[in-house]
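What follows is a set of notes on a single structure, which appears directly below.
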2 protein chains.
Amino acid sequence: MAQVTRKPVRIPEGGAVREVLDRIGDKWSLLVIGTLREGPLRFGELKDAVAGISQRMLTLTLGHLVEDGLISRTAYAEVPPRVEYELTELGRTLLPMVISLAEWAMAHREEINANRTSRIRNEEDRPDER
Amino acid sequence: MAQVTRKPVRIPEGGAVREVLDRIGDKWSLLVIGTLREGPLRFGELKDAVAGISQRMLTLTLGHLVEDGLISRTAYAEVPPRVEYELTELGRTLLPMVISLAEWAMAHREEINANRTSRIRNEEDRPDER
DNA sequence: CCGTATCCTGTGGGATACTG
DNA sequence: CAGTATCCCACAGGATACGG
């Protein structure tokens, strides 16, 4: 997702979709939201739960989501600092889709992989058909 | 979405979600899929319907989606070439989520924008609080 | 009309090191 | 523990021109 830098893009009305996709359609947002479905989590817990995410990206992603009002951030002034992130009302309205998407992903992963590798094999089998 | 270049990323099991998100979570895939909800469309029609997409990206996106078996491509050997794209069975199973997502986007766009701009204003009001 | 081939830039995002 | 600060570059993706 590059060069979205607020182009003119008049976009009749489906623009709203683009706009929101530019927000939650990045590499980690949906994953983070889905991870918070059970309840609040600390920074470190999220880091562990969302496998593969870097500290930097978790910070940034959380920042955006808090900014957009999808999750809330609560910092407890304790000795080892503790910060908890939790879905807001708004964030929770997004949850059903995230969960559906995740389930769809799990259910059809194999099929998609099969499709694409079979197609690749077909192309490789005919070295020069152009 | 950069450097997804098939990292090792062991990811316990939510990896399936990452994998699928890497496919349909790009800038245009969901938009294209949503646009095909009514039925088959020609290349040019898609280009017009998906506001803002470049010819190149439409070609690439369609290519991936066909590869993954989410949409089908039918070329008619006519004088001005005609090519139609249509959701496959698999692709249609994804439609409910895409539509929900789009509706959610339209419904909450304002709210999200309000959240973020109010926050930005707060920061700007205090020019030097660092 | 439907692409494909190039070229080129912006930026997403990882790695690493440092603070309160 | 929970970030911030830098550095850095692979690559998404726009613009443009050409081809069947």
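Naming convention: chains lettered A, B, ... in sequence-line order (proteins, then strands); numbering from 1 in each chain.
With the nearest nucleotide of DNA chain C identified for both A:Ser54 and B:Pro80, B:Pro80 has the one nearer the 5' end. Comparing A:Gly44 and B:Ile53 along DNA chain D, the residue whose closest nucleotide (by nearest heavy atom) sits nearer the 5' end is A:Gly44.
A heavy-atom distance below 4.5 Å is found between the side chains of A:Thr59 and A:Phe43. A:Arg23 places a side-chain heavy atom less than 4.5 Å from the side chain of B:Ile112. Side-chain contact between B:Thr93 and A:His108 is present, with at least one heavy-atom pair separated by less than 4.5 Å.
Checking the phosphate oxygens (OP1, OP2) of C:dC1, no side-chain nitrogen or oxygen of B:Arg42 falls inside 4.0 Å. Within the 4.0 Å cut-off from OP1 or OP2 of D:dC18, not a single side-chain nitrogen or oxygen of B:Arg56 is found. Checking the phosphate oxygens (OP1, OP2) of D:dG14, a side-chain nitrogen or oxygen of B:Lys27 falls inside 4.0 Å.
B:Tyr76 comes within contact range of no nucleotide atom at all, as no heavy-atom separation falls under 4.0 Å.
Ion pair B:Glu45/B:Arg42 not flagged as a salt bridge, since none of the NZ, NE, NH1 or NH2 atoms sits closer than 4.0 Å to an Asp/Glu carboxylate oxygen. Between A:Glu84 and A:Arg82 there is a salt bridge, since at least one side-chain N of the basic residue sits less than 4.0 Å from a carboxylate O of the acidic one. Between B:Arg109 and B:Glu111 there is no salt bridge, since no side-chain N of the basic residue sits under 4.0 Å from a carboxylate O of the acidic one.
Between the side chain of A:Gln55 and the base of D:dT4, a donor-acceptor pair under 3.5 Å is found.
For the helix from C:dG3-D:dC18 to C:dG20-D:dC1, the terminal axes (five pairs an end, C1' atoms, rotation from four pairs onto the next four) enclose an angle of 40°, given to 10 degrees.
Closest to the side chain of B:Met57, from the set C:dG13, D:dG13, C:dG3, is D:dG13.
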